[in-house]
Amino acid sequence: MFAVKNLVLLIRALGLLALALVLYWLIYPSSVANMVQRIAVRVEPASTAAPIDNPRISPAVAAAPTSVPASGTAAAPSTALSARVAPQMRVARPASRSQVAVAKWLGAKYRVSASVIEILVVEADLLAKKYGFSPNLLIAVMAIESNFHPYIQSEAGAQGMMQVMPKIHAKRYEKFGGKTAFLDPVVSLKVGAEILRDFRKLKGGSETEALRFYFGGGATSDAYIDKVRAEQHLLNQVWSGSFVPVN
């Protein structure tokens, strides 16, 4: 009899707890959604990283990072990206609502940390204004070049998130601590932006021809430019507040 009474009390307690959770969900739906999203991100396996869609990077190279952590296991893109962001950049400049929206969208699409991408989106916006690039061009280039994977390397030897050739552009890295700084996503972004700026000047002010030269020319350069522009268009839509599904 005593056990039955305890069982009834336990059922009542569980019922009250369930009711409280339902009421909390009805009153604070956004908080519950954010909590579920955080849990989903934590349990997401590293193998779900988005595939690299860059014709210069072979599947074999794209599948493995060029650097392996001390533990001997390859880091997932999201973990690797968080680890490679320069410490001084982790105190991010305040992001606008549009920048936060773009970062969240990219984080969802490429399965990387939105908080880290936010730092890059803010920096890319500052560089675009500094060099006169069209909105979201730089972050679109970074997305197509590397899918925000800091360790990716092309068959030609281009490295970092903007896929810069460290040997060719070694002098550009000197002010950032040397050519090994290409692994830093922010440095890679800054160097890539400088290269695009110089290529645009070389090509008579044409942003499109600068992209072609950045890619290296060739028969597949048109496809590369189309991918960058398509990504840029989607980012501009997200920036403006439009709903853009993550494919």
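The figures that follow rest on heavy atoms only: side chains count, while hydrogens, waters and symmetry mates do not.
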- Item | Side-chain touch Glu194/Tyr131, heavy atoms, less than 4.5 angstrom | yes
- Item | Arg197 side chain reached by Lys130 side chain, heavy atoms, under 4.5 Å | no
- Task: Could I get the full list of ring-ring contact (aromatic ring centres under 6.0 Å, His included) partners for Phe133, not counting sequence neighbours?
- Result: none
So, for [X] and [Y], which heavy atoms are closest and what is the spacing to 0.1 Å?
{"X": "Ala128", "Y": "Ser134", "result": "CB-O, 4.5 Å"}
{"X": "Gly160", "Y": "Ser146", "result": "O-CB, 4.1 Å"}
{"X": "Ala114", "Y": "Lys104", "result": "CB-CA, 4.0 Å"}
{"X": "Arg200", "Y": "Glu207", "result": "CG-N, 4.2 Å"}
{"X": "Tyr224", "Y": "Leu211", "result": "CE2-O, 3.6 Å"}
{"X": "Ala193", "Y": "Met162", "result": "N-CE, 4.4 Å"}

Using side-chain contact (heavy atoms from CB on, under 4.5 Å) as the criterion, list what pairs up with [X], not counting sequence neighbours.
{"X": "Phe199", "result": "Ile195, Ala210, Phe213, Tyr214"}
{"X": "Lys201", "result": "none"}
{"X": "Ala140", "result": "Val228, Glu231, Gln232, Leu235"}

- Message: I need the full list of salt bridge (Lys or Arg N to Asp or Glu O under 4.0 Å) pairs touching residues 156-166, with sequence neighbours left out, sorted by first then second residue.
- Response: none
- Task: Tell me whether Val100 is reachable from Leu234 by hopping between hydrophobic residues (I, L, V, M, F, W, Y) whose side-chain heavy atoms are closer than 4.5 Å.
- Result: no
- Note on the structure: The reported gap from NZ in Lys190 to CG in Leu126 (rounded to nearest 0.5 angstrom) is 9.5 Å
- Message: For the CH2 atom of Trp239 and the CG atom of Asp125, what is their distance to the nearest 0.5 Å?
- Response: 4.0 Å
- Query: Counting distance only, does the side-chain N/O of Trp105 pair as donor-acceptor with the main-chain N or O of Val238 below 3.5 Å?
  - Reply: no
- Distance-only, no hydrogens or angles: does the Ser96 side chain make a donor-acceptor pair with backbone N or O of Gln99 under 3.5 Å? yes
- Identified side chain to side chain contact (heavy atoms under 4.5 Å, CB included) partner of Met142 from the options Val121, Leu106, Asn147, Leu189: Leu189
- Item | Ser206-Arg212 side chain donor-acceptor pair, cut-off 3.5 Å | no
- Message: I'd like to know if Glu174 and Lys171 make a salt bridge, using a cut-off of under 4.0 Å between side-chain N and carboxylate O.
- Response: no
- Whichever hydrophobic residues join Ile168 through chains of side-chain contacts under 4.5 Å: Met165
